[in-house]
Amino acid sequence: MSVRCRFAPAPSGSLHVGNVRSALFSWLWARHHGGTFVLRVEDTDASRVTEEAFRGVLDDLRWLGLDWDEGPEIGGPDEPYRQSQRMAIYAEAIERLLAQGHAYRCYCTPEELEARRDGAKARGEAPGYDGRCRSRTPEEIAAFDAEGRTPVVRFRMPDGEQVLMDLVKGEVRWAAGEIRDFVIVRADGSPVFLLAVAVDDLAMGVTHVVRGDDLLTAAPRNVAVIRALGGMPPAYAHVPQVVGPDRKPLSKRHGSTSVQAFREQGYLPEALVNYLALLGWSPGDDRERMSREELVAAFDLSRVSSNPAAFDTEKLTWLNNYYIQSLDDDDLAARCVHFLVEAGVGVDPVLLRRAMPLVKERMKTLAEVVDLLRFLFSDDIAPNAKAADILAKAPEGYLKEAAAALDACPGWDAEQIARTLDGLAERAGLNRTKGWQPIRAAVTGSNVSPPLPESLTLLGRERALLRVRAAG
RNA sequence: GGUCCCAUCGUCUAGAGGCCUAGGACACCACCCUCUCAAGGUGGAGGCACGGGUUCGAAUCCCGUUGGGACUACCA
């Protein structure tokens, strides 16, 4: 039987990296087995779901390269792939569960339930649903209906111990009665997540459910519903949560944890995918920098760690720099354009392309291209504090001499420029550092820049001279 | 409160009873390289949460403690 995995996000605008890691593991498992990856959107909570939020999730997955074989905008044999459009399917399942006695109508009001929960707690008992409506007489039901009560539908958990063979956690057991009858249809008639997931996973022939371990206790309930519907439950793999530096589950208060945020900061999808794959998984050898193909080939759910992993931006950043360095110059330049434009810096594509060898090992994120190359594309190079200081401390007349020397430089390539600058420094009795920094400050407006001779080459003699003279 | 999950350097991890004097990576420190900043190279510091067992032998198996987390909803 071929492997079918799915990712079932709620449309949240942009996925946060914890969700993405679940998606990635699911995708890797499917691809590793040459199976199918299904995308299903859990938008039953229609009140808060916007089209924009839905688009955001699809955009994130596409950007990351987590392609789906069946799902929104692609279609497939189990359409539709948005839960909000599958209500008829749930309704049919609910009818069957009710008819076969796997579910029953519960007339307890929220107030009654709360009171009984409180009572149970006060007596030191477990507070879950007590099963009161499991067997109501027709008279009682008629009385409730006459009262105008609208029932919910509850699933009748089978008796006995519940056992789950989880691919990550191993065997997990719940004692009989531990998992109470749960609501599958609200009083307003809408199906609940616990029902929808089970129905969909069954209908879509999902063989492996890979998701966060916050859903571990949902698994025996998913399994029970699927069995009640006469189906074979999938295998489950509950991967641990991704936590923040404070060891709390990743959330908004950890700041920029959405895919969108990393994208805007100039992280590469290659880096994010590689990093996330390593968060809670390792190939078992010392490999860390792995291509998508290598990840697919090596991935194994049984090697997923069962303890929560803290997200470490520093390591992500290291990987990002590595992938930036490994990009070819055309590709890198193309990816940089967006950031320069966003920063309001005009771009000369030819110059940009030629500048790539100078900046690729200096960029930790694509966004850093702006500060590194602004001097090339903008003549507004007002010196920063450190550059101003360097210029102020330069020997009297040094920049005038520099202008003259550069003007007389026999050829405008890095080698000859370097020779010219060395001669200049030597005549002034300065070492390279002292001798070159004033030129850098004058030409780039900064104390930090790509290598100076190469930068001057790109800038061109005219513009370079203009700047050196202006500073002198 | 109850049930369940989890526990190796600051962080991610390797580790399936002797291969462990606990390996790798990020970060950190030092040095080398060097026109600034990076990148790169070399080296260093740094860890099995605690207590009991089991065993000739435990990071590894068992129990407990402590500490995190999830669930316990007409949330997902």
Sorted by chain and number, sequence neighbours left out, side chain to side chain contact (heavy atoms under 4.5 Å, CB included) with A:Arg86 holds for A:Pro80, A:Ile89, A:Tyr90, A:Asp200, A:Ala203, A:Met204

Pairwise P distance for B:rC56 and B:rU42, with rounding to whole Å
45 Å

Taking any heavy-atom pair under 4.0 Å as a contact, classify A:Gly435: base, sugar-phosphate, or nothing.
nothing

Look at A:Glu111 together with A:Arg116 and state whether they make a salt bridge at an N to O cut-off of under 4.0 Å.
no

Rounded C1' spacing from B:rC62 to B:rG43 in Å
42 Å

Give one of base, sugar-phosphate or nothing for A:Arg117, where a contact means two heavy atoms less than 4.0 Å apart.
sugar-phosphate

Looking across every strand, which nucleic acid part, if any, lies under 4.0 Å from A:Val183 by heavy atom: base, sugar-phosphate, or nothing?
sugar-phosphate

Residue pairs passing the salt bridge (Lys or Arg N to Asp or Glu O under 4.0 Å) test where at least one lies in residues 405-416 of chain A, sequence neighbours excluded
A:Asp407-A:Arg469, A:Glu415-A:Arg419

Can you check nucleotides 3-7 of chain B for protein contacts, nitrogen or oxygen pairs under 3.5 Å, and list what you find?
residue: B:rU3; atom: O4'; partner: A:Glu178; partner atom: OE2; Å: 3.1
residue: B:rC5; atom: O2'; partner: A:Lys169; partner atom: NZ; Å: 2.7

Using both distances under 3.5 Å as the test, list the Watson-Crick or G-U wobble partner of B:rC71, or none.
B:rG2

Give A:Leu421 one of three labels, base, sugar-phosphate or nothing, depending on what nucleic acid heavy atoms sit under 4.0 Å from its own.
nothing

Sequence neighbours left out, what pairs pass side chain to side chain donor-acceptor pair (under 3.5 Å) with at least one residue falling in residues 354-367 of chain A?
A:Asp329-A:Lys360

Indicate, with a heavy-atom threshold strictly under 4.0 Å, whether A:Arg211 touches base, sugar-phosphate, or nothing.
nothing

What's A:Arg303 touching, base or sugar-phosphate or nothing? Going by heavy atoms closer than 4.0 Å.
sugar-phosphate

Of all residues at least two apart in sequence or in a different chain, which pass the side chain to side chain contact (heavy atoms under 4.5 Å, CB included) check with A:Ala404?
none

May I ask you to say what A:Val192 touches in the nucleic acid, namely base, sugar-phosphate or nothing, with a heavy-atom cut-off under 4.0 Å?
sugar-phosphate

Describe the nucleic acid contact of A:Ala309 in one word from base, sugar-phosphate, nothing, applying a heavy-atom distance below 4.0 Å.
sugar-phosphate

ring-ring contact (aromatic ring centres under 6.0 Å, His included) contacts in which one or both residues fall within residues 159-194 of chain A, not counting sequence neighbours:
A:Phe155-A:Phe182

Using atom C1' in both nucleotides, what's the gap between B:rA49 and B:rG57 to the nearest angstrom?
23 Å

Restricting to pairs with a member in residues 7-26 of chain A, which pass ring-ring contact (aromatic ring centres under 6.0 Å, His included), not counting sequence neighbours?
A:Phe25-A:Phe299

Going by the side chain to side chain donor-acceptor pair (under 3.5 Å) test, which pairs reach into residues 176-187 of chain A, not counting sequence neighbours?
A:Tyr104-A:Asp181, A:Arg134-A:Asp181, A:Arg186-A:Ser190

Can you build the contact string for nucleotides 23-39 of chain B? Use B for base contact, S for sugar-phosphate-only contact, and - for no protein heavy atom under 4.0 Å.
-BBBS-------BBBBS

